[in-house]
Amino acid sequence: MKRRISVSILLVGILIISSFGFAFGANAYTVKQGDVLWKIAEKHGLTYQELSKFNQLKNPDLIYTGQVLQIPQSPKSSDLGRTQGDTGTLSDDTGIPAAPVASGINAADSILKNGVIYTVDGSDTVAEAIAMKGGKIIYVGSSAGAGAYQGISTKVIDLKGKTVLPGFIDAHAHAPGTKLTELFDIYLYESITKEQTLADIKAFIDVNPNLQEYWGTGYTVGMAGDAKGPKKEWLDAICSDKPIILTSNDGHNMWLNSKALEMNGITKDTPNPAGGLIQKDPVTGELWGSITDASALITMTQTYTKQQEKEALAAFVDTMNGWGYTSIMSIAPTMVDLERYRELEQNGDLTFRVNLAGQISPSEPFEPQLKSLIDLRSRLDSDLIDVTTAKFFADGVVEGMTAYLLEPYDPAAGLAPDYRAEFYWDPDKLDQYFDKVMKAGFQIHVHSIGDASTRLVLDSMEYAQDANPTIDNRNVITHLQVVDDADKPRFGELEIIAALQPYWHLKEPEWWDYVDKIALGEDRAYQEYPVKSLLENGALLTASGDHPVSPINNPFWAIEADVTRNLNNADYYGVDDITSMDDPTWLLNKNERVSVKDMVKAYTINGAYQLFRDKTVGSLEVGKYADMIVIDQDIFQVNPLDIDKTQVLTTIFNGVVVSGDYRY
């Protein structure tokens with residue numbers, strides 16, 4: 001979820017323009033419906049960080065229709081240290097005189113010095129300098145010691161006290177995030193309220209009257225004020241003669257107008273699919289307009305061209321780099337052909353490491369799906385791409401009332417008194433499937449929301465791991481919204497990775513009161529999303545945004561959320577900010593708070609472990625790849641409520657700047 005907000009832009013002429021390193025002069029650009037900052041910047045030969053800085057945007061992720069942006073005359077990107085071939089000394093720019101000592105094989109390509117470098121190594125070493133050569137780290141230590149690696153062509157960058165962390169690792173993302181929707185469909189990730197959602201849908205349809213069908217993604221179920229989701233009549237009022245098919249921001253719900261229901265053959269007599277729900281009016285029995293975990297009922301198909309997929313995936317990579325990511329787990333389902341990753345790599349445009357996961361569905365025969373995953377691994381295997389993982393869905397979601405619970409849903413949800421939803425698999429068969437997946441050399445990665453589901457998943461993982469005791473499994477359960485206390489110790493005992501989405505770990509405005517509290521009841525909802533209790537029971541924590549479910553996949557928002565368990569960005573939600581971590585308005589069970597260190601590890605070395613890359617990335621140590629980020633504040637020292645304000649100044653991948661620049 002994300003709200004467009006007004007951002008006041010104060011330009012004070014030549015002084016500010018020159019201070020940001022731009023030439024005098026600027027043009028104006030008015031933001032249009034569907035615009036995103038990175039795309040505007042790209043059109044004008046800028047990075048989104050440059051455009052944001054020039055306009056003094058409080059939050060570069062939040063722009064609004066009608067906003068006027070000043071477009072500076074930008075210097076060439078090579079002047080900002082962004083091109084791979086630029087290895088010249090920056091002594092004139094940094095104020096550090098070149099003093100070549102090393103030569104030939106010992107000389108670094110680049111040295112960062114005079115910084116606060118959190119290495120996240122086994123001793124939690126904090127260094128001042130780091131040297132890189134050939135894409136790898138060759139020195140970590142003091143600034144004085146780095147001089148031994150400075151040669152005549154070494155680029156020396158004065159960090160001026162800036163903070164450096166290992167490149168971040170997203171443990172669960174769906175490529176290409178929001179990009180296909182941003183570029184080609186009805187984009188609703190920024191629309192929190194019902195009024196704004198309907199206005200954005202209407203605006204797109206008004207601008208595209210010749211389309212024969214309308215698709216979109218990103219609406220929030222919470223905006224409907226009803227656990228069943230939004231109604232078909234709201235869409236009918238906008239367009240009744242063409243189908244409108246929208247997917248929610250969690251990917252589990254769909255919202256259709258009457259024409260779309262008709263064209264897809266969905267009636268009030270259509271039976272619920274296995275594990276899914278067709279939402280109906282509880283009084284009349286008529287179709288409500290929303291379906292949950294029932295996408296199989298949609299017979300219409302939306303397709304994108306190869307070029308559209310390439311454009312969206314390239315934009316996704318660029319945006320992830322801008323947030324500070326240098327590795328991801330690209331989890332199924334994805335909206336692009338996975339071959340697009342290889343094409344980006346061949347063109348030199350894949351600037352993060354990616355592990356891929358294929359989905360194993362309960363609705364299809366198992367053996368052909370496993371063979372398909374094995375074939376995918378044989379086709380896509382390179383330095384940057386690795387097929388490691390089988391993805392399973394064990395249940396649905398709380399907002400659709402398809403998460404499998406030990407105790408029934410709350411009466412306020414309006415369901416049958418004993419309704420608990422259902423597990424998607426025969427548990428005995430799942431035992432065998434997990435065993436076969438492990439024997440085939442794949443990691444298991446399971447979507448599990450409800451406590452009953454997680455218990456059964458742990459049972460099947462225990463069975464498979466006992467059958468394969470010599471395999472380095474690194475199996476994963478993700479989401480973990482409701483976990484029974486009795487099952488938490490099993491995470492440590494079985495060495496299960498808990499892949500969490502901290503963005504959701506608060507009483508989200510326009511969501512918690514209207515969805516989680518209604519579906520689960522207030523007491524159970526308050527205990528949801530355990531973190532510290534899993535950690536204390538031996539779970540290895542990794543982190544992600546389940547992007548695009550969390551459309552602003554800024555890891556510093558996530559770190560703040562789990563450190564405070566409270567509101568992490570007031571502008572995003574369009575509410576008043578808080579001044580105390582213990583403000584009760586949005587606080588969700590402060591007993592589950594963890595430390596900044598815990599969260600940094602979740603996003604770095606723990607994520608690398610999940611991706612089987614902990615020997616090569618995840619910490620800043622000699623011999624590892626030079627993947628790191630430079631940020632504008634020390635998140636270990638600032639007020640926890642200010643962590644979300646952190647800006648990534650530079651993202652370095654394989655020793656090369658792929659986002660931002662070296663001008664501090």
Side-chain angles (χ1 to χ4, degrees), residues 34-52 60-61 63 74 76-78 80-85 167-170 173-185 187 189 217-218 302-357 379-380 382-387 544-545 547-548 551-555 627 629 648 650-654 656-661:
D35 272 344
V36 288
L37 193 65
W38 71 266
K39 197 68 176 177
I40 299 170
E42 183 182 75
K43 289 177 181 177
H44 294 88
L46 302 166
T47 67
Y48 83 88
Q49 293 99 332
E50 293 163 4
L51 186 56
S52 172
D61 295 313
I63 59 174
S74 68
K76 295 179 180 179
S77 61
S78 59
L80 299 179
R82 299 186 73 245
T83 58
Q84 295 189 18
F168 278 7
I169 298 170
D170 189 299
H174 300 277
T178 63
K179 296 308 176 186
L180 283 169
T181 301
E182 285 182 23
L183 295 170
F184 309 115
D185 300 328
Y187 177 80
Y189 286 101
T217 309
Q302 182 186 25
T303 59
Y304 298 99
T305 67
K306 178 179 178 180
Q307 183 56 40
Q308 287 175 324
E309 289 187 357
K310 289 178 68 174
E311 183 178 351
L313 190 59
F316 170 70
V317 172
D318 183 68
T319 299
M320 293 292 281
N321 286 159
W323 280 321
Y325 295 104
T326 54
S327 298
I328 72 164
M329 167 59 73
S330 182
I331 204 78
T334 60
M335 292 296 291
V336 297
D337 189 323
L338 295 178
E339 292 290 335
R340 302 291 91 79
Y341 275 119
R342 178 159 58 184
E343 293 166 4
L344 287 183
E345 183 181 24
Q346 290 171 342
N347 293 333
D349 296 326
L350 184 59
T351 50
F352 56 48
R353 306 176 205 285
V354 56
N355 286 41
L356 299 176
R379 294 199 318 272
L380 296 177
S382 68
D383 289 341
L384 299 183
I385 305 170
D386 198 2
V387 181
S544 82
H547 187 57
I552 307 302
N553 199 27
N554 183 329
D627 295 359
I629 59 175
V648 177
T650 317
T651 301
I652 301 167
F653 175 71
N654 275 351
V656 176
V657 175
V658 294
S659 183
D661 56 63

Any luck finding a side-chain donor-acceptor pair between T651 and N321 under 3.5 Å?
-> no
Donor + acceptor pair across side chains of Y304, D337 (<3.5 Å) | no
With Y341, which residues qualify under side chain to side chain donor-acceptor pair (under 3.5 Å), at least two apart?
-> S330
Just jot down the side chain to side chain donor-acceptor pair (under 3.5 Å) partners of T650, sequence neighbours excluded, or say none.
-> Y664
Evaluation steps, side-chain contact (heavy atoms from CB on, under 4.5 Å), between D185 and Q302 = CA-CA 10 Å; D185 300 328; Q302 182 186 25; 3.0 Å; yes
Residues H44, I40; criterion side-chain contact (heavy atoms from CB on, under 4.5 Å); working and verdict | CA-CA 7 Å; H44 294 88; I40 299 170; 4.2 Å; yes
Take I328 and I169 through the side-chain contact (heavy atoms from CB on, under 4.5 Å) test and state the conclusion after the steps.
-> CA-CA 5 Å; I328 72 164; I169 298 170; over 6 Å; no
From [atom1] ([X]) to [atom2] ([Y]), nearest 0.5 Å:
{"X": "I385", "Y": "F352", "atom1": "CD1", "atom2": "CZ", "result": "9.5 Å"}
{"X": "L183", "Y": "E311", "atom1": "CG", "atom2": "CD", "result": "5.0 Å"}
{"X": "W323", "Y": "F168", "atom1": "CH2", "atom2": "CZ", "result": "14.0 Å"}
{"X": "D386", "Y": "S327", "atom1": "CG", "atom2": "OG", "result": "11.0 Å"}
{"X": "E309", "Y": "M335", "atom1": "CD", "atom2": "CE", "result": "8.5 Å"}
{"X": "D170", "Y": "N355", "atom1": "CG", "atom2": "CG", "result": "11.5 Å"}

Please name the pair of heavy atoms, one in [X] and one in [Y], separated by the smallest distance, quoted to 0.1 Å.
{"X": "L180", "Y": "A312", "result": "CD2-CB, 3.6 Å"}
{"X": "V387", "Y": "L380", "result": "CG2-O, 3.5 Å"}
{"X": "T326", "Y": "I652", "result": "CG2-O, 3.7 Å"}
{"X": "A357", "Y": "I331", "result": "CB-CD1, 3.6 Å"}

List in chain and number order the residues that pass side-chain contact (heavy atoms from CB on, under 4.5 Å) with T178, two or more places apart in sequence or in another chain; answer none if no residue qualifies.
-> E182, Y187, Y189, H547, P548, P551
Within the side chain of D318, is there an N or O that forms a donor-acceptor pair under 3.5 Å with the backbone of A314?
-> no
Ignoring hydrogens and angles, tell me if any N or O in the side chain of H174 forms a donor-acceptor pair with the backbone of T334 under 3.5 Å.
-> no
Are V317 and L344 side-chain neighbours, meaning at least one heavy-atom pair lies under 4.5 Å?
-> yes
Quick one: list whatever passes salt bridge (Lys or Arg N to Asp or Glu O under 4.0 Å) with [X], sequence neighbours left out.
{"X": "E345", "value": "none"}
{"X": "R342", "value": "E339"}
{"X": "D627", "value": "R353"}

Ring pair (Phe, Tyr, Trp, His ring centres under 6.0 Å) filter on Y325, not counting sequence neighbours, yields none
